[in-house]
*Asks:* 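Below you will find the structure I want to go over with you.
These numbers come from the heavy atoms of this one structure, side chains and all, not from hydrogens, waters or symmetry mates. Every number for a ligand or one of its atoms is a count from 1 in the order of the listing.
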Amino acid sequence: MNHKPMDGAQDDARAELARGTGRTVYSEAEIRGKVAELAAAISRDYAGLNPIVVGVLKGVIFFMSDLLRAITIPVRADFIAISRYSAQQKIKGPVRLIKDLDENVEGQHILFVEDVIDTGLTLSYLLRLLRARGPASLEVCTLFDKPQHRLADIRLRYKGFDLPDRFVVGYGLDYREAYRHLPYVAELTPEVLKIA
Ligand code: IMP
Ligand code: MG
């Protein structure tokens with residue numbers, strides 16, 4: 001069987017998906033390597049603690065699933081969902097909880113997992129919320145960090161990569177819900193951002 005025409009069609013489909021993106025910032029292979037490193041460190045540090053790994057929806061879905069599959073100790077997974085948008089949709093409003101955790105975290109070791117931390121305001125809200133529930137420990141693992149805009153003082157126990165001070169998409173990061181499922185992280189071209 002000749003697979004060539006099908007491969008060509010798939011390449012075309014990928015190109016269509018990536019329309020509007022520019023330079024690749026982190027490739028699939030780079031991300032895979034970093035996720036493995038983070039998972040190894042977490043597996044070592046949390047051995048015997050049966051932690052609850054908490055992902056912040058939706059941007060975290062790919063990182064969370066890849067990270068969990070690379071972790072070699074027993075963990076539980078839970079999710080929290082928030083919205084940062086006000087009724088007018090454009091400006092960042094106060095953090096609003098859309099979905100709470102399923103698990104009772106009192107006395108448990110919590111590892112918070114985030115896709116990207118920018119100002120840190122979202123995360124500091126969530127950390128305050130969970131700290132009030134009396135966990136045994138509360139730490140943060142983020143794949144990407146944009147330290148330039150930090151407004152809240154947050155300690156990151158695990159961190160993957162620093163990002164340039166640019167808007168990027170892919171591997172969970174979206175632009176108006178588009179590009180989230182690109183398997184790598186890329187910049188957006190100025191043309192796309194201009195028509196925002
Ligand atoms: P902050 O740390 O409260 O400012 O918000 C972090 C959130 O902003 C992330 O969870 C993303 O949803 C979003 N965000 C920040 N930078 C980017 C980016 O470059 N691309 C896509 N989303 C981003
Ligand atoms: Mg997020």
Side-chain angles (χ1 to χ4, degrees), residues 17-28 30-31 34-35 38 53-68 77-101 110-132 138-196:
L17 255 184
R19 194 207 301 269
T21 63
R23 186 177 73 90
T24 296
V25 182
Y26 293 110
S27 68
E28 280 187 79
E30 285 173 301
I31 293 170
K34 188 60 80 176
V35 171
L38 292 170
V53 179
V54 173
V56 184
L57 294 172
K58 295 184 268 195
V60 82
I61 54 172
F62 300 105
F63 178 41
M64 178 94 162
S65 64
D66 287 344
L67 184 73
L68 286 178
D78 206 342
F79 292 95
I80 207 161
I82 48 143
S83 168
R84 280 295 309 271
Y85 290 94
S86 63
Q88 300 102 297
Q89 285 295 317
K90 277 253 167 70
I91 52 163
K92 271 192 174 181
V95 182
R96 198 161 54 85
L97 198 63
I98 295 173
K99 184 217 167 291
D100 204 341
L101 297 176
I110 302 178
L111 179 62
F112 234 102
V113 179
E114 263 280 24
D115 48 353
V116 56
I117 297 169
D118 189 15
T119 63
L121 292 177
T122 313
L123 186 63
S124 78
Y125 166 84
L126 292 173
L127 289 175
R128 229 176 308 129
L129 187 86
L130 294 197
R131 201 169 285 125
L138 185 56
E139 300 285 354
V140 179
C141 172
T142 188
L143 181 58
F144 298 113
D145 189 18
K146 286 184 164 177
Q148 302 92 339
H149 297 158
R150 196 71 96 250
L151 294 175
D153 186 26
I154 290 171
R155 194 177 88 91
L156 302 178
R157 173 111 183 241
Y158 307 96
K159 165 168 140 168
F161 301 106
D162 277 333
L163 280 177
D165 191 11
R166 296 264 174 80
F167 198 84
V168 299
V169 292
Y171 201 69
L173 300 174
D174 72 302
Y175 175 63
R176 300 178 159 191
E177 292 301 324
Y179 304 111
R180 214 188 270 287
H181 57 309
L182 283 180
Y184 52 89
V185 170
E187 289 179 0
L188 277 186
T189 58
E191 290 71 36
V192 173
L193 288 167
K194 231 180 289 160
I195 54 169

*Asks:* List ligand 1 atoms under 4.0 Å from R166, heavy atoms only on the residue side.
*Replies:*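 Listed by number with element, the hits are 19 (O).
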*Asks:* Using heavy-atom distances, let me know which of L121, V116, V169, V25 sits nearest atom 7 (C) of ligand 1.
*Replies:*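 Checking each option, the heavy atom nearest atom 7 (C) of ligand 1 is found in V116.
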*Asks:* Closest approach of L163 and Q148, non-hydrogen atoms and distance?
*Replies:*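 Heavy atoms only, the tightest pair is O-NE2, 3.6 Å.
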*Asks:* Could you tell me whether G120 and ligand 1 have an N or O pair separated by under 3.5 Å?
*Replies:*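 Checking ligand 1 against G120, an N or O pair does fall under 3.5 Å apart.
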*Asks:* L151 near ligand 1, heavy-atom distance under 4.0 Å?
*Replies:*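 No heavy atom of L151 comes that close to ligand 1.
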*Asks:* Whether the side chain of T189 engages the backbone of G20 through a donor-acceptor N/O pair (distance < 3.5 Å, no angle test) should be reported.
*Replies:*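 Here the side-chain-to-backbone pair exists.
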*Asks:* Show the nearest heavy-atom pair for residues G120 and I154, with the distance to one decimal.
*Replies:*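 Here G120 and I154 meet closest at O-CD1, 3.2 Å.
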*Asks:* Where the closest heavy atom to atom 17 (C) of ligand 1 is concerned, which of K58, E114, K146 has it?
*Replies:*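 Comparing heavy atoms across K58, E114, K146, the nearest one to atom 17 (C) of ligand 1 lies in K146.
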*Asks:* Please check if the side chain of Y179 supplies one atom and the backbone of R19 the other of a donor-acceptor pair under 3.5 Å.
*Replies:*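 Side chain of Y179 to backbone of R19: a pair is present.
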*Asks:* Can you tell me if V168 contacts ligand 1 (heavy atom of the residue under 4.0 Å from the ligand)?
*Replies:*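 V168: in contact with ligand 1 (<4.0 Å).
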*Asks:* Could you label the plane-to-plane angle of the F62 and Y171 rings as parallel, tilted or perpendicular, counting under 30° as parallel and over 60° as perpendicular?
*Replies:*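 Ring orientation, 0 to 90° scale: tilted.
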*Asks:* For R150, which of D165, D145, D118 qualifies under salt bridge (Lys or Arg N to Asp or Glu O under 4.0 Å)?
*Replies:*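 One option only clears the test, and that one is D145.
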*Asks:* Hey, which atoms in ligand 1 end up nearer than 4.0 Å to a heavy atom of D174?
*Replies:*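 Counting atoms of ligand 1 from 1, those under 4.0 Å from D174 are 21 (C).
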*Asks:* Quick one: which ligand 1 atoms are inside 4.0 Å of a heavy atom on T122?
*Replies:*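 With T122 as reference, the close atoms of ligand 1 come out as 1 (P), 3 (O), 5 (O).
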*Asks:* Using a 4.0 Å cutoff against the non-hydrogen atoms of D115, which atoms of ligand 1 qualify?
*Replies:*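 Close to D115: 10 (O).
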*Asks:* Using a 6.0 Å cut-off, check whether atom CZ of R166 has over 12 heavy atoms from anything other than its own residue.
*Replies:*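 No, because the 6.0 Å sphere around CZ of R166 holds 12 heavy atoms or fewer from other groups.
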